[in-house]
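Shown next, in structure tokens, is the structure this report addresses.
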Protein chains: 2
Amino acid sequence: MPPPLMQKDEVITKLIATFRRWGYDGATLSRLSEATGLVKASLYHYFPKGKQDMARAVLDTVHLQFQEQVIQPMQQAEASRESLEAFAQNLIDFYMEGNASCLLEVFTLGSAREIFAESVKGSLEKLKDCLADFLEKSGYDPETAAVKARRGVIAVQGALVTHRGLGEDAFFGEAMKDLPDLLMPRDP
Amino acid sequence: MPPPLMQKDEVITKLIATFRRWGYDGATLSRLSEATGLVKASLYHYFPKGKQDMARAVLDTVHLQFQEQVIQPMQQAEASRESLEAFAQNLIDFYMEGNASCLLEVFTLGSAREIFAESVKGSLEKLKDCLADFLEKSGYDPETAAVKARRGVIAVQGALVTHRGLGEDAFFGEAMKDLPDLLMPRDP
DNA sequence: GTCTATAGTATGATAGAC
DNA sequence: GTCTATCATACTATAGAC
């Protein structure tokens with residue numbers, strides 16, 4: 001049998017970009033095939049249950065990356081404005097200056113909605129909890145921390161959508177750099 | 001010829017719900033047909049260029065409704081916190097407690113992206129400008145008003161996405177009721 | 001592990017009867 | 001203005017050769 005053209009990780013990386021750009025319903029097997037360079041039958045070798053398997057692998061992989069690159073650094077961070085600035089920068093890197101859509105958003109539309117609802121909910125809650133913990137650690141009482149954490153999650157998702165809609169290169173970056181002021185405003 | 005089953009306005013109303021739920025690529029002609037009760041050929045009577053025509057009509061109609069129900073009241077509002085509270089309530093009504101997705105978000109994914117990019121950008125800018133004008137009127141300097149207006153637009157889009165992702169009934173409403181505090185915090 | 005070939009279905013879109 | 005019937009294409013998915 002022929003040698004593998006690429007590792008499964010590489011395939012998934014290419015699938016991720018396609019699902020982010022096209023959404024679940026827009027990411028047809030033809031587009032996924034074109035993006036990976038594998039014909040449909042080869043994709044079915046890696047993902048026996050087809051598109052749903054691919055999307056699941058994509059979601060799991062991105063979830064793991066988000067944990068490592070955004071959540072864990074935040075959990076280990078000391079309570080300071082600098083930590084929030086680093087958090088913002090990690091988000092900028094993770095979402096490629098806002099040019100990569102969030103799968104948690106993309107997979108709540110169309111046919112993907114029911115399939116991935118639970119995973120999406122879990123990931124969003126993790127982000128919110130992580131922010132709330134940090135803010136409590138920073139001295140806010142639990143109620144204030146919860147409201148601010150909600151604002152934080154909303155800001156990330158909203159900035160991604162608005163960046164996409166406005167098409168201004170620097171929009172997402174500027175919105176994220178506003179995060180520290182949004183969550184821990186300096187006293188006026 | 002048989003009498004029309006319904007006015008074009010009624011047809012569009014039903015199309016709106018379908019595009020919001022399924023996105024552009026997920027809103028297949030079969031689903032649009034089912035939602036309206038018209039067979040595909042009848043839909044083509046109303047919208048000769050097919051799905052693209054339907055989506056355009058949907059986007060234009062929703063844009064007009066948003067102008068009337070959200071933008072114009074805000075433009076005529078006096079500079080006060082109460083006006084912001086009314087603005088938030090108008091958003092809650094417009095987006096049906098968060099259960100209706102924003103087409104500006106939905107149409108920036110998949111095949112719709114290039115087609116509607118300009119319209120989406122225009123609508124988002126209108127909302128941002130409207131908020132910035134209000135905040136300047138309320139006494140903020142132009143730079144601060146611009147930053148806060150950006151936060152406002154992001155908050156609306158982000159709250160819609162996060163509401164959908166978390167599936168908590170009251171999420172969007174609570175996030176919108178937080179808007180006045182977000183944009184015009186009471187002095188501590 | 002990758003390919004060609006193809007099955008069966010769904011898609012967007014039309015023609016033409018009434 | 002609505003319908004049945006249909007087209008060509010694209011879709012997800014699979015079988016089988018190498």
Between A/Ser30 and D/dA10, is there a side-chain N or O to OP1/OP2 distance below 4.0 Å? no
So, does B/Arg20 use its side chain to make a donor-acceptor pair with the main chain of B/Ser101 at under 3.5 Å? yes
Could you work out which one of D/dC3, C/dT4, D/dG1 sits closest to the side chain of B/Ala41? D/dC3
Calculate the interatomic distance between B/Lys40 atom NZ and C/dT14 atom P; express it in whole Å. 13 Å
How long is the line joining CD of A/Glu34 and P of D/dA10, in whole Å? 13 Å
Can you tell me if B/Lys51 uses its side chain to pair, donor with acceptor, with the backbone of B/Tyr24 under 3.5 Å? yes
Rounded interatomic separation in angstrom, taking OH from B/Tyr24 and C1' from C/dT11: 12 Å
To the nearest angstrom, the OH-P distance between A/Tyr44 and C/dT2 comes to 16 Å
Minimum-distance nucleotide to B/Leu29 side chain [options: C/dT4, C/dG12, C/dT2]: C/dG12
Please report the distance, rounded to the nearest Å, between CD in B/Glu10 and P in D/dG1. 14 Å
B/Leu38 atom CG is separated from D/dT4 atom P, nearest whole Å, by 12 Å
Show the numbers, then the answer: is there a side chain to side chain donor-acceptor pair (under 3.5 Å) between B/Asp169 and B/His163? CA-CA 8 Å; B/Asp169 284 352; B/His163 176 93; 5.8 Å; no
Taking atom P of D/dT12 as reference, at what distance in whole Å does atom CG of A/Leu32 sit? 8 Å
Rounded to the Å, how far apart are A/Leu15 CG and D/dT12 P? 13 Å
Once you apply a heavy-atom cut-off of 4.0 Å, does B/Thr28 come out as touching a base, just sugar-phosphate, or nothing? sugar-phosphate
Any donor-acceptor pair under 3.5 Å from A/Lys14 side chain to A/Asp9 backbone: no
Side-chain donor or acceptor of B/Arg31 paired with backbone N/O of B/Thr18 under 3.5 Å: no
Per atom distances to the B/Lys51 side chain, the nearest of C/dT4, C/dT2, C/dA13 is C/dA13
Measuring to OP1 and OP2 of C/dC3, would you say a side-chain N or O of A/Ser42 lies under 4.0 angstrom away? yes
With respect to the side chain of A/His45, which nucleotide from C/dG1, D/dT2, C/dC3 is positioned closest? C/dG1
